[in-house]
S.K.: 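Mind looking over this structure? Questions follow.
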Amino acid sequence: MHEVFLKSLNKLQLEAATFGAGPLLVLAGAGSGKTKVLTSRIAHLILNGKMEPKKILAATFTNKAAREIKERLVPFIGERTEELWAGTFHTIGLRVLREEKKAAGDAAELTIYDEEEQDLLIRLVMSEMSINERDVPYKAARFEINMAKNSDLGPEDLACKSKHLFADVIAAIYREYEKRLAAMNALDFGDLICKPLKLFRQRPEVLEKYRERFDHILVDEYQDTNGSQYRLTKTLAGKKRNLFAVGDPDQSIYGWRGATIENILNFKADYPEARIIKLEQNYRSTGNILSAANSVIKNNGERLEKTLWTDNLGGEPVHYEECLNEYGEARFVVDRVRNLMAMNPGTGYRDFTVLYRTNTQSRPFEEMFFEEGVPYTIVGGYRFFDRKEIKDALAYLKALRNPDDSLNFLRIINVPPRGIGRAALEKAHSIARAENLSLYGAFRRGVEDGVFKNESVREFIGTFENLRSEISVRPLHEFTRRVLDLTGYLDMWAEKKTEDAAERIKGLDGLVAAIKNYEAGNPKATLADYLNLVSLMSDADSYEDKYNRVTLMTIHSAKGLEFPYVFMAGMEEGLFPHKRSIDGETVEEERRLCYVGMTRARKELYLLSAKQRASGKETNTAAPSRFLKEIDPAFIRVKEPPPEGRAEDHIAKIRKLLGS
DNA sequence: GTAATATAGCTTTTT
DNA sequence: GCTATATTAC
């Protein structure tokens with residue numbers, strides 16, 4: 001009990017951090033020091049319990065959270081943090097699969113498919129099966145397949161259990177989809193959890209190895225784990241039952257992704273001997289913010305009773321401002337940021353964040369911030385790696401590294417247009433089917449057999465093979481540059497005179513620079529390592545607060561973060577709670593999301609709504625969100641008169657208009 | 001057979 | 001506002 005890192009813990013936090021063996025569930029309210037307890041516990045296990053770092057498994061929600069845990073542990077265990085198995089469930093699953101593939105002597109690399117690639121494959125499968133989009137929209141098929149994987153269900157289970165009208169058709173799509181993924185050495189996100197489970201079922205000796213390896217398993221954000229992740233956790237915990245789960249049912253906001261609160265609610269049923277510790281003291285927010293948030297979450301039905309409290313009484317009341325439209329919201333934020341910075345020396349742009357329900361809401365803020373010269377960063381939304389040119393470039397890299405990946409090969413074979421159209425593709429497809437080859441294999445066979453009269457096919461396959469032989473002989477960024485040059489992809493954009501072409505080229509330069517940067521930090525990394533990293537990287541992972549800028553992000557992305565000043569924009573019926581959640585009867589999850597957003601704030605919380613909001617071509621009028629009405633009036637101040645300093649702003653603006 | 005151009009369709013949250 | 005698709009042009 002002498003360790004320094006335990007000193008700053010309160011009684012309950014200390015009990016959780018130093019808990020001995022066996023299952024423990026920590027119900028940790030917002031701002032109750034959850035991460036501190038988690039890291040303290042790991043440090044305690046290693047320093048006091050003499051545990052090997054490599055025998056500890058910590059599953060977090062984002063890679064960034066895992067990185068933070070490691071960083072916090074460095075002062076105590078130094079570079080041994082690298083031995084820890086810390087990462088998202090997906091990262092951990094991939095690590096197991098790669099390790100076992102290698103152990104089995106299989107050198108082939110796995111490719112991870114994101115949602116876009118998943119959709120392409122599903123649509124390809126559906127068209128080959130002649131399934132009408134009108135009967136089964138591909139998005140419905142994707143949803144059902146993903147939900148099945150979230151619960152560790154195969155095609156047969158889906159056929160029985162899905163409530164979908166065409167459940168048996170979707171099950172057939174699922175079966176074919178699985179076959180194709182396997183042939184391409186590809187995995188979707190769900191597979192990263194399901195395939196390890198399958199492996200453990202089929203090979204008990206492999207499972208035994210991992211059970212032996214992990215003495216302690218810690219799971220963060222337990223309220224947002226899905227059925228498969230739960231099963232994986234339980235499977236690995238095995239007989240040792242050293243499972244430490246931390247979560248807050250009130251912050252469960254990923255139900256749409258298959259997360260089930262039941263994992264928390266049933267903990268005691270699975271582990272009757274479990275100790276349950278509630279952390280209810282909040283160290284983050286003022287009393288007013290906390291009380292306002294509590295008065296909202298109270299309106300949810302089935303809750304585990306939990307009352308968050310704080311010593312930090314009072315503070316500014318939560319401020320609600322009804323604006324004219326979305327630009328009014330942005331205007332308000334700019335004015336308020338400037339005022340608060342002027343009145344509070346030492347406060348910087350980094351202390352402010354704007355949270356919203358949907359990514360599209362960021363636009364008016366971007367415009368206004370840009371015009372007004374307010375520095376900002378956006379987390380999420382249109383990600384760099386989602387840009388078309390980046391996706392194309394990565395498709396080249398993926399196809400080169402894993403030539404079985406027919407989907408990405410198909411994506412790039414005629415980009416730039418090189419005269420390989422439908423006819424050539426049909427030919428290759430029939431060879432592939434007849435000879436049981438990948439698309440690339442079929443093209444190669446066709447070229448060898450002289451099937452293609454088209455010279456450009458021979459040429460491209462030649463280029464492709466040459467590039468393949470260069471993969472591991474050059475640094476990655478050089479290789480990437482060469483791919484972009486030799487395939488003519490860069491020239492394709494260079495020759496275009498459109499305005500966006502220059503942007504695309506910039507994007508590609510950015511990719512090469514990013515890869516170079518990655519190589520500098522990871523000298524031993526392979527192309528496969530880089531591609532996997534990109535696939536598993538989340539928006540939150542790339543968020544850095546080292547820049548002194550206002551942050552813009554969705555409330556989902558803000559999970560686990562905190563800021564002195566928080567603006568929640570778009571507090572309107574139909575937007576928040578979102579219309580689709582009202583229709584789908586998941587308003588309680590929206591309410592939890594609102595709770596998550598409000599509890600991000602340390603000092604001051606501003607809630608904004610717009611009377612009118614442009615959406616697409618039309619402008620909608622919306623009523624203020626029901627969540628606003630749920631806030632106890634004692635803690636909220638509605639539309640305070642404009643603070644001082646604003647008048648000067650107006651004078652300055654008039655001066656500017658007059659050009660003086 | 002392939003490429004360039006116009007049109008429709010969609011934007012809840014993301015590992 | 002952006003991309004996949006359908007249509008027309010070469």
S.K.: Of the nucleotides B:dT2, B:dT13, C:dA4, which has the atom closest to the A:Arg422 side chain?
M.R.: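 Per side-chain heavy atoms of A:Arg422, the pick is B:dT2.
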
S.K.: Whole-Å distance between B:dT14 C1' and A:Tyr113 OH?
M.R.: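 From A:Tyr113 OH to B:dT14 C1': 20 Å.
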
S.K.: Against the six-membered ring of A:Phe563, is A:Arg600 placed for a cation-pi contact (under 6.0 Å from the centre, within 45° of the normal)?
M.R.: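 Checked: cation-pi criterion not met.
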
S.K.: Using atom CD of A:Glu116 as one end and atom P of C:dC2 as the other, report the distance to the nearest whole Å.
M.R.: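 Taking atom P of C:dC2 as the reference, CD of A:Glu116 is at 15 Å.
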
S.K.: Just one of A:Arg123, A:Lys398, A:Arg180 clears the salt bridge (Lys or Arg N to Asp or Glu O under 4.0 Å) bar with A:Glu117, so which one?
M.R.: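 For A:Glu117, the salt bridge (Lys or Arg N to Asp or Glu O under 4.0 Å) test succeeds with only one of A:Arg123, A:Lys398, A:Arg180, which is A:Lys398.
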
S.K.: Could you give the CZ-to-C1' distance, from A:Arg257 to B:dT15, as a whole number of Å?
M.R.: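 Computing the A:Arg257:CZ to B:dT15:C1' distance gives 4 Å.
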
S.K.: Find the distance A:Phe385:CZ to B:dT14:C1' and express it as a whole number of Å.
M.R.: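 These atoms are roughly 16 Å apart.
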
S.K.: Heavy atoms under 4.0 Å, any strand shown: does A:Tyr254 hit a base, just sugar-phosphate, or nothing?
M.R.: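 Here A:Tyr254 touches the backbone only, sparing every base.
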
S.K.: Is there a side chain to side chain donor-acceptor pair (under 3.5 Å) between A:Glu116 and A:Gln118 once you walk through the steps?
M.R.: CA-CA 5 Å; A:Glu116 192 184 316; A:Gln118 200 183 6; over 6 Å; no

S.K.: When you measure from the side chain of A:His556, which nucleotide among B:dT2, B:dT13, B:dT11 comes out closest?
M.R.: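 My answer, after comparing the listed nucleotides, is B:dT13.
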
S.K.: Rounding to a whole Å, what distance do you find between A:Lys427:NZ and B:dG1:P?
M.R.: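 After rounding, the reported distance stands at 8 Å.
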
S.K.: Among B:dT2, C:dA4, B:dA3, which nucleotide sits nearest the side chain of A:Lys388?
M.R.: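 It is C:dA4.
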
S.K.: Output the rounded distance in Å from CZ (A:Arg580) to C1' (B:dT11).
M.R.: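 For the pair A:Arg580 CZ and B:dT11 C1', the rounded distance is 9 Å.
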
S.K.: May I ask you to test the A:Ile112-A:Leu536 pair for a side-chain heavy-atom distance under 4.5 Å?
M.R.: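 Yes. Closest side-chain heavy atoms under 4.5 Å.
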
S.K.: Over how many whole Å does the gap from A:Glu503 atom CD to C:dT3 atom P extend?
M.R.: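 Distance check: A:Glu503 CD to C:dT3 P gives 12 Å.
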
S.K.: With heavy-atom distances below 4.5 Å as the criterion, would you say the side chains of A:Leu607 and A:Phe627 are in contact?
M.R.: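 A side-chain contact is absent here, since even the closest heavy-atom pair is not under 4.5 Å.
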
S.K.: Can you check the A:Glu389 CD to C:dT3 C1' distance for me, whole Å?
M.R.: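 So the two atoms are 13 Å apart, to the nearest Å.
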
S.K.: Give a yes/no on whether any side-chain N or O of A:Asn414 is located under 4.0 angstrom from OP1 or OP2 of B:dA3.
M.R.: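 Looking at the OP1 and OP2 atoms of B:dA3, one of them is under 4.0 Å from a side-chain N or O of A:Asn414.
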
S.K.: May I ask you to verify if any side-chain N or O of A:Asn359 is less than 4.0 angstrom from the OP1 or OP2 atom of B:dT13?
M.R.: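 Answer yes for this pair, as a side-chain N or O of A:Asn359 is under 4.0 Å from OP1 or OP2.
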
S.K.: What residue among A:Glu573, A:Glu590, A:Glu589 forms side chain to side chain contact (heavy atoms under 4.5 Å, CB included) with A:His578?
M.R.: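 Testing A:His578 for a side chain to side chain contact (heavy atoms under 4.5 Å, CB included) against A:Glu573, A:Glu590, A:Glu589 leaves exactly one candidate, A:Glu590.
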
S.K.: Just to be sure I understand the rule, does A:Arg504 reach a base, reach only the sugar-phosphate, or reach nothing, if contact means heavy atoms closer than 4.0 Å?
M.R.: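 The answer is sugar-phosphate, as A:Arg504 gets under 4.0 Å only of primed atoms, P, OP1 or OP2.
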
S.K.: Which part of the nucleic acid, if any, lies within reach of A:Arg387 when heavy atoms closer than 4.0 Å are counted: base, sugar-phosphate only, or nothing?
M.R.: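 Nothing, no nucleic acid heavy atom in range.
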
S.K.: Go nucleotide by nucleotide along DNA chain B from the 5' end; which of A:Gly421 and A:His90 gets its closest nucleotide reached first?
M.R.: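 The residue closer to the strand's 5' end, by nearest nucleotide, is A:Gly421.
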
S.K.: Which comes earlier along DNA chain C counting from the 5' end, the contact point of A:Glu367 or that of A:Arg411, where each point is its nearest nucleotide?
M.R.: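 It is A:Glu367, whose closest nucleotide lies nearer the 5' terminus.
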
S.K.: Under 5.5 Å centre to centre and under 30° between planes: does that hold for A:Trp256 and the six-membered base ring of B:dT13?
M.R.: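 Stacked: centres under 5.5 Å apart, planes under 30°.
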
S.K.: Between A:Ser557 and B:dT14, is there a side-chain N or O to OP1/OP2 distance below 4.0 Å?
M.R.: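 So the side chain of A:Ser557 is within the cut-off, an N or O lying under 4.0 Å from OP1 or OP2 of B:dT14.
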
S.K.: Using the closest heavy atom to pick a nucleotide of DNA chain B for each, name whichever of A:Thr554 or A:Lys139 lands nearer the 5' end.
M.R.: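 The answer here is A:Lys139.
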
